[in-house]
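Below is one structure; the comments refer to it alone.
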Amino acid sequence: MSFPKNFLWGGAVAANQLEGAWLEDGKQPNVTDIMVGIGTRDPGIKWNEETGKWEMCLNPEKKYLSHEGIDFYHRYKEDLALMAGMGFNCFRTSIAWGRIFPNGDESEPNEPGLKFYDDLFTEMRNLGMEPVITLSHYETPLHLLTEYGGWSNSKLIEFWKNYVTTVFTRYKGKVKYWLTFNEVNAMLRNPFVAGGILNITDPKDKNDPIGSITQEEIWQGYYNILVANAWTVKIGHEIDENNLVGNMMTASGTATYPDDCNPDNVLGALNTQRMAVFYMCDPMALGEIPGYVKRIWNENPSLTPKMDEEGLRLIRENTVDYIAYSYYRSAVYAVDANMISNTGGIAGKKNPYLKESSPKPWSWAVDPKGLRYTMNVLNDRYHKPQFIVENGIGLDENLDENGKIDDPFRVRYLEMHLKQVHEAILDGVPCLGYLWWGPIDVVSAGTGEMKKRYGFVYVDRFNDGTGTLERVKKNSYDRYKEIIESNGEVLLKEE
Ligand code: BGP
């Protein structure tokens with residue numbers, strides 16, 4: 001009754017949310033660098049009538065906290081040591097694509113960027129942590145959007161191939177676990193950030209770059225990303241047969257429950273699961289674009305992407321080695337519910353059976369059993385190893401008068417979810433590991449603030465950009481350490 005031997009325990013972060021140094025050593029902006037919260041529809045670009053192009057134009061009234069992040073770029077040794085102190089045997093972060101190919105379309109990589117990750121991965125390995133590396137965590141170089149229209153343009157597949165070939169070659173032997181595109185299945189609801197798409201030819205509202213993205217562009221981007229994903233698997237295996245290449249889904253939408261047994265609610269819940277998760281995960285994991293996606297195209301022929309035999313064959317023949325995903329909460333579908341979504345996944349109607357949620361204004365429902373459900377559904381469907389690469393809770397926390405943070409709710413959240421992970425493993429789900437999202441406080445993806453803290457380690461930085469950047473262990477730090485040290489046994493014994 002414990003977790004599997006060699007279970008991967010750790011935490012996950014993303015370059016754009018913690019590195020800072022946003023324009024250092026040759027890096028150029030990526031799509032998230034120009035947003036304060038990817039949930040906003042207000043990216044820092046404007047249409048230039050003279051050039052007929054979108055240009056970066058940051059809003060001077062806004063605080064782009066991610067530009068300095070928590071200064072991980074310069075402090076990663078200290079931070080990784082803190083992670084190793086909890087006993088992490090793996091650590092997930094991303095390569096900021098724009099550190100390697102600043103504009104995305106260069107043919108030669110930027111050596112200082114390559115060196116940074118070389119040193120970072122060496123440090124992880126020295127500390128006994130297996131690197132788990134996301135190739136793009138909402139980090140498409142901005143130039144690829146403003147110049148090419150982003151992923152709706154098939155040229156990006158070539159740029160991407162050059163990028164992944166470069167990093168697979170450079171980090172051969174240092175990195176084994178790779179993830180392609182973070183939460184890329186969010187692209188239907190967030191085509192600018194998750195899809196990396198921009199309408200550069202005929203934006204219908206020049207004050208609304210995101211609203212101007214067309215459905216045609218989104219579906220073309222979907223196909224191009226599927227082809228790029230397949231190329232990544234193929235190239236990854238060719239360069240190093242030990243590489244394991246996974247996709248990365250926001251899987252919260254898998255746990256979409258029908259409000260009741262009304263068949264319309266049951267079918268609606270199924271449709272939500274499909275259009276939130278499976279429409280993207282099926283082709284990546286099974287090699288086939290599902291019939292209900294083709295139906296959308298058949299009924300609206302202009303939405304059918306340009307596809308070719310070679311691309312479809314690649315998709316068929318190069319499915320991912322494992323399914324990686326984030327899970328934050330479940331959702332309830334009802335015909336009349338507003339199925340709102342954000343970085344936590346889909347929400348929908350309030351679930352009366354769930355008593356807890358994260359604090360306002362975020363209010364993400366806490367549903368540990370939803371994780372067990374998700375793991376089982378994904379296993380029944382894909383029969384592939386799974387990797388939970390994000391789970392966690394964001395709380396508004398400040399140091400108390402003794403300079404400490406007591407965070408029992410985070411501990412409970414962690415324990416409740418891990419118990420359900422264990423149940424799912426007993427159910428037969430092959431689970432490679434569990435990574436806590438944001439083991440050190442980082443800038444929130446959805447809202448761009450510091451105030452929403454996930455860490456076992458507190459970082460002294462605030463929404464107004466002030467703070468000493470000092471790191472302080474929260475009380476939860478020692479509990480996660482105990483859990484990891486015992487390979488989960490302390491948790492299970494107490495039942
Ligand atoms: C996921 C993202 C992460 C992350 C997390 C928490 O969607 O992959 O980047 O930040 O959600 O979301 P938030 O920071 O908005 O609370």
Side-chain angles (χ1 to χ4, degrees), residues 10-19 30-33 35-41 64-66 69-70 72 91-97 132-140 179-190 192-196 246-255 276-277 280 324-331 340-347 357-366 371 374 387-397 410 413-414 417 435-455 459 461 463:
V13 294
N16 74 86
Q17 290 173 256
L18 92 167
E19 283 181 1
N30 66 44
V31 63
T32 35
D33 290 334
M35 301 187 84
V36 178
I38 63 170
T40 64
R41 292 181 65 85
Y64 296 84
L65 292 180
S66 63
I70 58 162
F72 181 79
F91 185 70
R92 172 183 172 222
T93 189
S94 62
I95 295 177
W97 181 356
V132 177
I133 302 304
T134 316
L135 288 156
S136 179
H137 194 117
Y138 305 143
E139 284 151 348
T140 311
L179 303 171
T180 53
F181 303 93
N182 184 66
E183 295 190 340
V184 65
N185 52 318
M187 70 172 292
L188 290 187
R189 53 180 205 261
N190 197 342
F192 183 68
V193 174
N247 57 347
M248 197 298 185
M249 299 284 110
T250 156
S252 301
T254 309
V277 184
M280 181 67 90
Y325 55 90
S326 61
Y327 172 82
Y328 290 96
R329 62 164 185 236
S330 56
I340 61 128
S341 62
N342 51 34
T343 42
I346 315 272
S357 66
S358 68
K360 283 182 184 160
W362 312 301
S363 310
W364 293 8
V366 175
L371 178 52
T374 298
F387 199 164
I388 301 159
V389 295
E390 282 186 34
N391 174 234
I393 188 159
L395 305 173
D396 180 5
E397 298 164 312
R410 178 170 292 107
Y413 183 99
L414 170 72
H417 283 80
L435 307 185
W436 179 265
W437 171 257
I440 181 165
D441 294 346
V442 298
V443 179
S444 154
T447 55
E449 58 189 336
M450 272 309 295
K451 188 172 160 166
K452 191 178 187 191
R453 300 174 180 277
Y454 286 81
V459 177
R461 190 164 194 233
N463 280 2

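Both ligands and their constituent atoms are indexed starting at 1 by order of listing. We count residues from 1, following the sequence as given.
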query = Exactly which residues line ligand 1, taking a heavy atom under 4.0 Å from it as the test?
reply = Q17, H137, Y138, N182, E183, Y328, T343, W364, E390, W437, S444, A445, G446, K452, Y454
task = Given side chain to side chain donor-acceptor pair (under 3.5 Å), test Y138 with N30 step by step and report yes or no.
result = CA-CA 8 Å; Y138 305 143; N30 66 44; over 6 Å; no
Flag side-chain contact, heavy atom, 4.5 Å: H137 against M248 = no
inquiry  = Quick one, T250 and Y325 - any side-chain contact, counting heavy atoms below 4.5 Å?
reply    = no
task = Report the C-alpha distance between S357 and W364 in whole Å, list the side-chain angles of each, state the deciding distance to 0.1 Å, and finish with yes or no for side chain to side chain contact (heavy atoms under 4.5 Å, CB included).
result = CA-CA 5 Å; S357 66; W364 293 8; 5.8 Å; no
message = Holding to side chain to side chain donor-acceptor pair (under 3.5 Å), I want the full list of residues that pass it with T134, two or more places apart in sequence or in another chain.
response = R92
ask   = Does any non-hydrogen side-chain atom of M187 lie less than 4.5 Å from one of F181?
value = no
